[in-house]
Amino acid sequence: MPGPFSSLSRRAVRILPLPLEQELVDRVAWLVRLRWVAAGAVLLLTLLARPVLSLDFPTGVLLGIGVAILAYNAVFFAVLRVLRQRISAPPVVFGRFATLQILTDLVSLTLIVYFTGGLESPALFFFLFHVIIASILLKSGFAFLQVAVSIGLVSLMALLEHAGVFPHQGIEIVGDPADASWLNLMILLGSFTATVLVAAFLATAITRQLARRTRELAYLRQRQERDFEKMRILNEVAQAVSSSIDLERVLSTITHQATEVMNAKGCSVRLLDESSRQLRMEASFGLSPAYLNKGPIDAGRGLDRRVLSGEAVCIRDAATDSDLQYPEEAKREGIRSILSVPLRAQEQVIGVLRLYSAEERCFSDEEVDFLMALAAQGAVAIRNARTFKELELLERAKSRFIFTVSHDLKAPLAAIQSQLSLLTQGYAGDLNEQQHHVLQRTVLRAESLQALIRDLLALGAIQNRLPEKNAAPVDLGALLERLREIHQPGARTRGIRIDLSLGAPGVRVKALPEDMERLFGNLLENAVKYCRVDGAVMVRLERFVDKARVVVADTGIGIPPEALPRIFEEFYRAPNAKELRTEGTGLGLALCKRIVDLYGGEIRAESVLDQGSTFTVLLPALPPEAAAEAK
Ligand code: ADP
């Protein structure tokens, strides 16, 4: 799409990388152009001097100098063309080239001055032009060098003339001597006028160039600021996309920022509804409810059909464009121009990002690119949100399935267990030793199945549960003491000591007691289960700023480093744990993690293989005063 900025931006891009070098090249070209004029003036004045002004001076020599100037300027012109084509020619080359030209000009001018009267020559003033040109083209040191060369050449000429080495070349006035003083006056005035005019021309030429450069610099600066702003916004949007699955937030950032940075009236995101083939409004900024609710947008018509085929489409005058589905409404809303770009996710167009302008405008390539970049970010956010939603639905379906199956298994399993207990108690007749042994193993298997069902039901029940409304202050010290009482006998049979240290009294959390029991019960059970015979389990409770911290450590088998990141996953059991204890569901820690998450806490595990493990739980604690009141 052609834009009004296109040609300007291309020109700016060419200037941008080499502004100083470009300036020097332009000025050297300007010098060559000026020289054509100067050589023409020399030839013309020489030819007119005798017939018009009745002056007598060496016309042939001066014509020769004029032709020589034309000739060497032709050489300079050719060299300049070659240098211009060599983009990489360093600026110093152009600097030297300019110096050479000015030196050549000074020699030519000295010759002209000599042949038109030496120090009395009206052309003497013209050294001034060279001083001005040298100051424009060269660095100040070199410019002063040219001044010195000018003085040197004129002095040398005057001295040599004075010493009689060269004869004096005076200008003779031919014809009526009565006109001589009049002619002298005219020549002086003429050369003075020419000097002043050329000096003014040179000075204004520099000022014009400077003004143009200043405008270009101001434009480049504005452009740079705009580009910087766009990059900042793209970065902000990219961060929002990568750090959040909150689609509403990301899309509202996109529509808001696009409107601001592109100086527009508003912006919207519409997503394609595949079943109805309509574009549904997903997010907007700067548009009135009346416009937003104007009616369904048919994806298969006009503008949107083109955008959905992957094209960026600009509508310059919304009120008259037949591609727009609601031109009247757009007019009422104060919309003049619209730029629509596709939202593309994995090669598939899933919607449209639209920018609305209150003024009639044509959007530049640069603006289209920027909106496309925002649209790409928006599409990523939409894809992320959709994937997340699908995963969530799958997760919910899986949990529902597990919950239902576990629930359905619970009653038959209870029946099997009661039948087994009748058998073991001999109600169905005496059992021989082998039958008794088989039955015992079946009872154990049924018990682990029951444990599995219990954990699965607990997991399903806690899934998607909101923070409990019925939560009440739970005294963690008392709870841990109770749990130690429960696990102590089992631990003692394997020579394991359970030490409990309650660093701060009355540490309480707001929770359901059964959740806390399950959380710390599981951790203590694991610590004892995976502890070595004659080992120790240490439980410590303390207040840590506004948190309750519970540490459960053991001197057990430890967790292999590669297994450590996975132990909170459902059904995961480390190889050394499977080896030591065949029973276990791999659901205990997953449950602990869910409970801790539910209460806004944190759980982490550290372990050294064959030396022991430490589990740390942090939960928001009730403030001590509230804890005291809750007693
Ligand atoms: P399990 O029923 O296997 O105990 P959990 O979910 O409670 O399942 O624990 C998951 C895995 O984490 C265990 O199988 C074991 O590998 C490891 N683990 C948990 N607690 C300990 C511990 N105190 N010492 C060593 N390994 C542990």
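Indexing begins at 1, ligand by ligand and atom by atom, following the structure's order. Here the structure is a predicted model, which is why all the values come from computation and not from measurement. Below, each value reflects all heavy atoms present in this structure, side chains not excepted, and no hydrogens, waters or symmetry copies.
Between Ile557 and ligand 1, a contact under 3.5 Å exists for no N or O pair. Among the atoms of Ala590, none of the N or O lies under 3.5 angstrom from an N or O of ligand 1. Ligand 1 has no N or O atom lying under 3.5 Å from any N or O atom of Ile559, backbone or side chain. By the 3.5 Å distance cut-off applied to N or O atoms, Gly586 is counted among the residues near ligand 1. In terms of polar-atom proximity, Arg573 is counted as a contact of ligand 1, with an N or O under 3.5 Å from an N or O of the ligand.
In this structure, Asn522 does not count as a contact residue of ligand 1, since none of its heavy atoms falls inside 4.0 Å of the ligand. The shortest separation from a heavy atom of Phe568 to ligand 1 is not under 4.0 Å, leaving the residue out of contact.
Applying the 4.0 Å criterion to heavy atoms of Ala577 picks out, from ligand 1, the atoms 14 (O), 15 (C), 16 (O). Residue Gly584 has at least one heavy-atom neighbour below 4.0 Å for each of these atoms of ligand 1: 2 (O). Ligand-side atoms of ligand 1 in range of Gly588: 5 (P), 6 (O), 7 (O), range being under 4.0 angstrom from any heavy atom.
Because its NZ or CZ atom is not both nearer than 6.0 Å to the ring centre of Phe544 and within 45° of the ring axis, Lys547 does not count as a cation-pi partner of that residue. Both the sub-6.0 Å distance and the 45° axial angle are not jointly satisfied by Lys265 relative to the ring of Tyr356.
Only the backbone of Tyr572 comes within contact range of ligand 1, with a heavy atom under 4.0 Å; no side-chain atom does. The side chain of Ser613, and not its backbone, has at least one atom closer than 4.0 Å to an atom of ligand 1 (non-hydrogen atoms only; side chain from C-beta on). For Lys529, every heavy-atom contact with ligand 1 shorter than 4.0 Å involves the side chain, none the backbone. Residue contacts with ligand 1, taken as heavy atom pairs separated by less than 4.0 Å, involve Leu587 solely via the backbone atoms N, CA, C and O. For Asn526, heavy-atom contacts with ligand 1 shorter than 4.0 Å involve the backbone as well as the side chain.
Side-chain atoms of Arg306 do not come within 3.5 Å of backbone N or O of Ala312 as any donor-acceptor pair. Under the 3.5 Å distance criterion, the side-chain polar atoms of Asp554 are left unmatched by any main-chain donor or acceptor of Gly612.
For atom 6 (O) of ligand 1, the nearest protein heavy atom (residue, atom name, distance) is Leu589 N, 2.8 Å. In this structure, the protein non-hydrogen atom closest to atom 23 (N) of ligand 1 is Asp554 OD2, 2.9 Å. Of the protein's non-hydrogen atoms, the one nearest atom 22 (C) of ligand 1 is Tyr530 CD1, 3.6 Å. The protein non-hydrogen atom at the shortest distance from atom 17 (C) of ligand 1 is Ile567 CG2, 4.0 Å.
Using modelled atom types, one finds a donor on one side chain and an acceptor on the other under 3.5 Å when comparing Glu333 with Ser288. Donor-acceptor pairing under 3.5 Å is lacking for the side chains of Ser337 and Ser357.
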Problem - Evaluation steps, salt bridge (Lys or Arg N to Asp or Glu O under 4.0 Å), between Arg518 and Glu514 - result: CA-CA 6 Å; Arg518 198 180 290 281; Glu514 54 269 36; over 6 Å; no

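A salt bridge links Lys398 with Glu570: at least one charged nitrogen is closer than 4.0 Å to a carboxylate oxygen.
Legend: residues meeting ring pair (Phe, Tyr, Trp, His ring centres under 6.0 Å) with His256, ordered by chain and number and at least two apart, are Phe285. Applying the ring pair (Phe, Tyr, Trp, His ring centres under 6.0 Å) rule to Phe568 yields no partners; only residues at least two apart in sequence or on another chain are considered.
Scanning all heavy atoms of the two residues, the minimum distance from Ser268 to Leu287 falls at CB-CD1, 4.1 Å. Among all heavy-atom pairs drawn from Ala590 and Leu459, the shortest one is C-CD1, 4.2 Å.
Residue Gly558 holds the heavy atom nearest to atom 25 (C) of ligand 1 of all those in Gly558, Gly612, Ala574, Ala451.
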